[in-house]
> 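Dropping the structure in here first, questions after.
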Amino acid sequence: MTVIDPAPRTCSVAAALSVIGEKWSLLVVRELALNVHRFDQIQRNTGAPRDILTSRLRRLEAEGVLEKRQYQDRPVRFDYHLTPAGDELRPILLSLAQWGERWTGQKGSTFVHSCGAEVEVVHTCEACGGEVTGLDLTLNRAATVSAA
């Protein structure tokens, strides 16, 4: 008889999605990555309803993805900037954009690297330099702690 564990798999992907895996959150990160920092500009560029945008900004700040900076005293006004954790999402956004262009037919802007070439993000193995496709991976499950 096979016993199926009723608990969901412990997963860093699930943990990441709990922070950024919602449409408006990713679009906020996109705007900040594109150097759009003011609430009204973020709202205009994403199309997010103001109340939802406020909620997402607060959540992303609480999770350490962005920080709020005061830029005006009267009235008090803030803008938003990516933290180092938020900056690490930039290549992920580029990969999502490439996937979207390839598989949805939606063409967006292109990005140019500091070397002058148009960017095509390729994931590589740090150890051997080979391209990582996902088809070439095996899973080493993290050790789980069991209640004694």
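Sequence positions, counted from 1, serve as the residue numbers for this chain.
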> By the salt bridge (Lys or Arg N to Asp or Glu O under 4.0 Å) test, which pairs, at least two apart or in different chains, include something from residues 89-99?
D87-R90

> Is it true that the side chains of E120 and Q98 contain a donor and an acceptor less than 3.5 Å apart?
yes

> Please determine whether residues L96 and L82 belong to a single hydrophobic cluster, defined as Ile, Leu, Val, Met, Phe, Trp and Tyr linked transitively by side-chain heavy-atom distances below 4.5 Å.
yes

> Applying salt bridge (Lys or Arg N to Asp or Glu O under 4.0 Å) as the test, list every pair that has at least one member in residues 18-29; sequence neighbours left out.
E22-R56

> Linking Ile, Leu, Val, Met, Phe, Trp and Tyr through side-chain heavy atoms less than 4.5 Å apart, which residues share a cluster with I52?
W24, L27

> Would you check if E61 and Y80 make a side-chain contact, meaning some heavy-atom pair closer than 4.5 Å?
no

> Can you tell me if E88 has over 12 outside heavy atoms packed within less than 6.0 Å of its CD?
no

> Indicate yes or no: at least one non-hydrogen side-chain atom of H37 is less than 4.5 angstrom from one of L32.
yes

> Which other residues end up in the same hydrophobic cluster as W99, if Ile, Leu, Val, Met, Phe, Trp and Tyr are linked when side-chain heavy atoms come under 4.5 Å apart?
W103

> Would a 4.5 Å heavy-atom cut-off, applied to side chains only, mark V65 and V19 as touching?
yes

> Please tell me if the side chains of T124 and V132 come closer than 4.5 Å, counting only heavy atoms from C-beta onward.
no

> Other than V76, which residues form its hydrophobic cluster under the rule that side-chain heavy atoms must be closer than 4.5 Å?
F78

> Using a 6.0 Å cut-off, check whether atom CD of Q106 has over 12 heavy atoms from anything other than its own residue.
no

> Can you list everything that forms a ring pair (Phe, Tyr, Trp, His ring centres under 6.0 Å) with H123? Sequence neighbours excluded, please.
none

> Do E67 and R69 come close enough that some side-chain heavy atom pair is under 4.5 Å?
yes

> Can L34 be reached from V119 by stepping across I, L, V, M, F, W or Y side chains whose heavy atoms are under 4.5 Å apart?
yes

> Below 4.5 Å, heavy atoms only, C-beta onward: do R50 and F39 meet side chain to side chain?
yes

> Go through the steps for R44 and D40 under the test side chain to side chain contact (heavy atoms under 4.5 Å, CB included), then give the verdict.
CA-CA 6 Å; R44 181 185 66 242; D40 288 341; 5.9 Å; no

